[in-house]
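Note that the structure is a prediction, hence the values are computed from the model and not measured. What's counted below: heavy atoms across the whole structure, side chains too, no hydrogens, waters or symmetry copies. Order of the sequence lines sets the chain letters (A, B, ...), proteins ahead of strands, with each chain counted from 1.
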Amino acid sequence: MKTRAKLRRSLGWGFLVAFCCGAPLAEASWQVSAVPRSGDDGAHGLRSDGAGGYLVAGHVSSPRGGRDLAVFALDGEGVLRADFAADGVFVLGSSGDDQAVDAAPWRDEAGTLLGYYVLGQFAASDGDFSSVPHRGKLDLVLLRLLTDGSLDRRFGVAGALVLGGNDDDEVIVHLNNYSEPGQRLLVDPEGVAFAAMTRSGDGELGVAARVGTWAGRDALVCWLTHEGRWDDRRAVGGRLRFGLEPGLQAKQRGGNDFAFSLRRRERGWLVAGYTLGSTLTDQGRLVEAPGNVDGAGDNAAPNGAIYRYKMEGYVLALDESGFPDPEFGQSGFAFVGGERQEKLYDALPLADGGWALAGRTSSWDGAFSRPEPSSSHFAAFVAKLDAAGNLAADFGAGGVAFFDGSGDDQVNLLQSDGAGGLWVLARSDSKEFPFMAHGTEGMDVVVLRLDKTGALRERWRIGGAGDDKGVGLLAEDGRVVLAGVTQSNDGSFAGRGGDDQDVFLAWREQAGVGAARERILATFHAPEARQGVAADESHLYVISNHAIGKYDKSTQRRVARWECPEGEPLTHLNAGIVLDGKLYCAHSNYPGVPMTSSVEIFDTETLEHIGSHSFGVMAGSLTWLDRRDGFWFACFAHYGNRAAEPGRDPSWTTLVKFDSDWRRLESWVFPPELVERFGDYSSSGGAFGPDGRLYVTGHDNPELYVLALPEAGSVLRWEDTVSIRAEGQAYGWDPSEPWTLYSIVKRERLVIKSQLEDSPKFAP
Amino acid sequence: MLGAPDPSSLRVWCRLSGPFEVTFRYANNPLMEGARLAPSEKATAAGDYTVVVQISGLLPGTRYWLEPLIEGDRPKYQGKRAPLVATTAPDGPSRFSVAFGSCARVQEDATQAIWPQVAAAQPDLFLWVGDNVYADTLIPSILAEEYRKQRSVSGLQPVLRSTPQLAIWDDHDFGLNDHDLENPIKASALEVFRRYWANPSYGEPANPGVYFKYGYGGVDFFFLDVRYHRSPYFHPDGANKSLLGARQLAWLKDGLRRSDAAFKVLVSGSGWTSLKGPEGDSWASFLHERDALFDWIRDQKISGALLLSGDTHRGELYAIPWSEKGGYDLYEFVSSPLAQDVSPPLSRDIWEVYVKKPYTGSVNFGRLRFDMTRPDPVLSYELVNVNGELAYRGFTLRASDLVNGVATWKSKASASEIERREVRAANEN
């Protein structure tokens, strides 16, 4: 009955929604696997386990009363892994409420999985925690597990490092409403970083480097080495705590500052959360959370609700030293929100240097003005900040996109969709667009997909009759995966059994979900690193407009150099590839009009110029070429700058297939969204990857675009985007090491050797 | 207390309760597997029962766990303590941090709340930049007693046990206030100093003093003795007045000339600026010698020089703008006090540049973080107060900033400070 009702409703709304915004409600495309266990289970975070499965950090009911900290290890089908801890669940507990909020894999430089870190909190020095000192109220605990789910006894005291003082030291503040998921834990080969909160004035958190005031709860960022020592390269002694001074209205709550998300930025970190405070002074500069300053509006919402406390979302950008980055926002801080309550749960870096923010709001003023105040208390929002920390005009309405039903809605987590857009994990008990009721009471998990302007493109609702809440979202390995907790026993959760809350995993196969990550293997400086780099088995050919440097791959020393003699016709070399002892370079007359192109051929041994094939005026300006199955593929760019031909712009950029005698066979153009991403200088590099797909760069963005030749039509299919260190320009695959490539950062004249990890698994 | 480590050796300073023989068991793991014994040292009454045990033949950049053995046994009441953990110096350019401070008056501040902050910062080295005790005495035994009192401060213990300590003196731990070469007990004071510190060396064979050169992670530190050979401050400044003495000055120049470190840190108990005026107890009354040294650094094309000092009971950060004289800007990092009243702000209209406003909010320590692994090595500086707040932050220098012809001070100083110097220059013209 219920399924039919659901279907009917969805068809009805589907029309309206499709009509309104082209985002039909999708159903039945998610597979759900609940993990039925006796007792109440809880979940706070989801991560890949680095071995094809997933880790869910949370808690289980404790035989001692309260909750025990738990990590659920699930395989790719959501089934508990028999080879991890006790039947797939690692449990550690005291007589109090103990929880894990996040768990992340630990790999070495070579990418070998060594174990897992688990971040949590515990409440008493008894039970499994009897051998570790408990400092008072709640203490933070960082655990290290081996890959089999046993404690790694080389770390801390028997695998546990306890951090805290005489008061609450927490990663989860509100135990019961699960409103605080977020990625708090970052693990890389150098060490571990996490965001948390503390009220303690003593112990190791009492001597953290401090920004702002010490009042109520302070937000906290900690950095540790894998030896369990504080990483003293960050902040002072690996600890930074910060907080805003409460205004009059927040005094009773002591100016709490919450930190729920810690993400890496290009050079440093970004912390996100919300604050009840209103000001702080840092290095003599005043920082203000404008919505929280006393007198900023009244506290009565349009629906009549009175909010006792003002709250405002913040992000704090830290540089590599672990201190606030003065170049960002106000002394490193940026605030989002209006005059009432905002909570911010996540901040995700975007390819353009900006940040997507997720949270909920009850304000209706300023950037949070909306056409019609609904009757709801909280609207979900996704906002975008530009790289400098200001709301970005190119997103939503004035930088904020709202998703507001009649109930309480909030966005918990964001992930990139690899194509400029966002996956959004939300929760809602609203019964209308955009969340779509299933007709029963209770909260449901909502997944939205937004494009880069914040417009809704796809949406799903997962849940049954009971409360279902999502806590973690991943978009990788060709899948979108979410974890949460359910109390439903119908629909997808039918047959779960019992009234207790259980952990569940849901997933959806999704072509084009970014999987590859780049691992930097080496870098070196080369004066020719202006246009691109090509590689053969033993050497690199670093290319500038009119010079080529040949470098020994192993020593990174230059062994030969060619420079175009004065007055010779080679003026603007672009990308190159090495084939059969010859370096083939794309060449054009940039910025000349009309655009002419040629292929220039060099002997890789001597760098002597030995041949040329001229296209004359062809399909644009030749920027890169590759050969596959005996055919040449060559990209002819069009520009949006002074070098543009009349009536042409970058959308005219064309990939042409030639036979071995340079006879034109076929050609394609790039998808408009990608052309926009390229910008005025179009595409500068490209080649077929080991999986047969095209990996293409723009001119500036630190991204590698994965494209496939279409089955029909003339537009290449954009399937994936890989973040890379290089900033566009031409790159070359290493013919002797699969998935290894050489690329450049033109600004720094830097050559980068890197490898794509977890290389895309799905074929075009 | 840990002394100055080398890439292959460690020094540990101890004081015993009697004439006992002490050594350390050491191993490269906490379980003490494969532990070895260091050569033992015998404590004597003549040496105040202080000894320095040297452990050699170690690997560079490696952590070692050390357990004391007194007369061959673990000390009865120390036995349950965790072993000391000490790390040998790296054998090449590395990333590391150095904390420093000055002016610890245990008579005035027996608690010394700064130390937990120093411990939390986990510096790789801690530098005592003078007035490490306030003995103000001409009786050597009183001086030694003050060291013992200072070493007993409970918050200091974790720092002494975990962080190598290097020290020079200033007036209050040398003799009397503002004392100089006329100090009648300077030889005895040096004896006491040597007994209570574990520096790698002290002066030169023919020239006593506490000065020494120490290299760590690609940085060379020149610790200066600004008291033993110092002319009285009230003498007229000129060629006959010296703060270092001729031999130490020659030693310094020789060391600077030979150093190929990208940063060369000159550590002085006395401040380097003219702030204290012509009769001030600092380099201010030795400008002839100071300026000649800076000119020499310029003329010899010695790059990468930095200045460190204490004494003033304020946190300060100056640039001595030698770029205006054809050299490069010499930055001076001042931290003071560690445990002592803070002085009121003092800002005179001096030729040097106030890069930061003097900090008088609380006791403090300075923290230099070096990254010598980069092609252009970089340092950053913070001044940390008693609450762990950062009085100064966001100051960085690259080695390439410290080369003749490069002027950087205007990019570091505030607009009002730049204006002050412009007004001053206009008035002078």
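Chosen from R63(B), Q117(B), R369(B), the residue pairing most often with chain A at heavy-atom distances under 4.5 Å is R369(B). Across R95(B), K356(B), E382(B), the residue that shares the most heavy-atom pairs under 4.5 angstrom with chain A is R95(B). Most heavy-atom pairs under 4.5 Å with chain B, from the set H525(A), R229(A), R233(A), E227(A): that is R233(A).
In this structure, Q157(B) places its CD atom where more than 12 heavy-atom neighbours from other residues, nucleotides or ligands lie under 6.0 Å away. Within a 6.0 Å sphere centred on NZ of K357(B), heavy atoms belonging to other residues, nucleotides or ligands number 12 at most. A 6.0 Å sphere centred on NZ of K553(A) holds more than 12 heavy atoms belonging to other residues, nucleotides or ligands.
Of the two parts of A99(B), neither the backbone nor the side chain holds a non-hydrogen atom closer than 4.5 Å to a non-hydrogen atom of chain A. Looking at R393(B), both its backbone and its side chain come within 4.5 Å of chain A, counting heavy atoms on both sides. Of the atoms belonging to R234(A), it is backbone heavy atoms, and not side-chain ones, that fall under 4.5 Å from chain B. At a 4.5 Å heavy-atom cutoff, the contact between Q283(A) and chain B is made by side-chain atoms alone. The contact between R239(A) and chain B is made entirely by side chain atoms (from C-beta outward), counting heavy-atom distances below 4.5 Å. Using a 4.5 Å cut-off between heavy atoms, P123(B) touches chain A through its backbone atoms (N, CA, C, O) alone. Using a 4.5 Å cut-off between heavy atoms, S380(B) does not touch chain A at all. Heavy atoms closer than 4.5 Å to chain A are found nowhere in F96(B), neither backbone nor side chain. Both the backbone and the side chain of Q122(B) have a heavy atom closer than 4.5 Å to some heavy atom of chain A. Both the backbone and the side chain of A209(A) come within contact range of chain B, with heavy atoms under 4.5 Å apart.
Judged by the 6.0 Å distance and 45° axis criteria, K412(B) is positioned over the aromatic ring of F395(B).
Residues R374(B) and D376(B) are not paired through a salt bridge, judged by the lack of any N-O separation under 4.0 Å between the basic side chain and the carboxylate.
The minimum heavy-atom distance between A121(B) and F365(B), with the atom names listed, is CB-CZ, 4.0 Å.
Annotation: F126(B) is not in aromatic contact with F100(B) [ring centroid separation under 6.0 Å not met]. Aromatic ring centres of Y551(A) and F524(A) lie closer together than 6.0 Å. Taking the six-membered ring for Trp and the full ring otherwise, the centers of Y216(B) and F221(B) sit at least 6.0 Å from each other. Ring to ring, Y331(B) and Y381(B) are not that close: their centroids are 6.0 angstrom or more apart.
In summary, the side chains of S200(A) and D169(A) do present a donor paired with an acceptor at a separation below 3.5 Å, with no hydrogens or angles considered.
Residues of residues 316-328 of chain A that come within less than 4.5 angstrom of chain B, heavy atom to heavy atom, are S321(A), F323(A), P324(A) in numerical order.
Taking CG of L186(A) as the reference point, atom CZ of R264(A) lies at 8.0 Å (rounded to 0.5 Å).
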